[in-house]
Amino acid sequence: MTSTANSSFLDLATGPAGRAMAQPMDKSLLEAFQQHLTMERNASASYFAHSIWFAERELRGFSKYFKEESHNEQIHAATFADYLISRGQTVILQDLPVPRQSWTSVEEIMAFSFQLEVDVTSSLHQLYAMAERSSDMRTTVFLDPTIDLQVQSEHEFAHLLGRVKLADNQASAMLIIDGELTNGLHAPAKLA
Ligand SMILES: [Fe+2]
């Protein structure tokens with residue numbers, strides 16, 4: 001190959017970090033991605049706070065469950081960071097609010113967590129719609145499995161909230177659920 005042939009490749013589009021970029025990202029989609037990454041980090045901080053709340057109240061199964069969920073949310077944030085880098089973008093870390101640490105009941109924490117998962121799903125749906133509008137198929141393909149997993153998370157939190165409601169604040173029932181969570185039993189019933 002001659003140097004003339006090579007030179008046509010030297011003006012490839014690059015992102016803000018100077019990395020080669022296959023397809024630029026729509027500006028508003030990129031901003032929404034940065035905000036979504038913050039949502040995942042915020043969920044991680046909230047679940048870490050829940051893990052502490054339960055540890056302080058001897059509910060070690062709930063504490064373990066939320067410690068793992070906190071870690072999972074970090075991984076979600078990292079997955080979004082990886083994706084932005086792969087698209088030649090710079091990851092912008094934003095301020096996180098101090099997580100809430102005061103709760104009146106286990107049910108309140110589980111209801112809050114369920115709503116948090118619902119909000120994350122809505123954010124993913126918004127990203128998907130924006131990606132479709134800007135014909136960004138790399139992004140819709142990236143989001144597909146993520147949305148699948150997120151809907152499973154909603155299902156799981158709805159299940160745990162339901163079990164906590166069944167316990168009706170009775171210590172003995174709550175300790176049974178806590179024991180289940182210690183043993184990693186948090187999946188809803190599966191019929192298929
Ligand atoms: Fe997440």
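Counting starts at 1 for both ligands and their atoms, following the listed order. Each residue takes its place number in the sequence, starting with 1.
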Taking the six-membered ring for Trp and the single ring otherwise, decide whether the centroids of Tyr65 and Phe54 are under 6.0 Å apart.
-> no
Give the C-alpha distance, both sets of side-chain angles, the deciding distance and a yes or no for ring pair (Phe, Tyr, Trp, His ring centres under 6.0 Å) between Tyr47 and His50.
-> CA-CA 5 Å; Tyr47 292 163; His50 295 350; 5.8 Å; yes
For a side-chain hydrogen bond (donor to acceptor under 3.5 Å, both in side chains) with Thr139, tell me which candidate from Arg87, Glu132, Gln23 qualifies.
-> Arg87
Establish, yes or no, whether a centroid distance under 6.0 Å links the rings of Phe66 and Trp53.
-> no
Any chance the side chains of Glu117 and Gln150 put a donor and an acceptor closer than 3.5 Å?
-> yes
The residue among Glu40, Met39, Arg41 that forms side-chain contact (heavy atoms from CB on, under 4.5 Å) with His76 is Glu40
For the Fe ion (ligand 1), every protein N/O/S atom that sits closer than 2.8 Å, waters excluded | Glu40 OE1, Glu73 OE1, His76 ND1
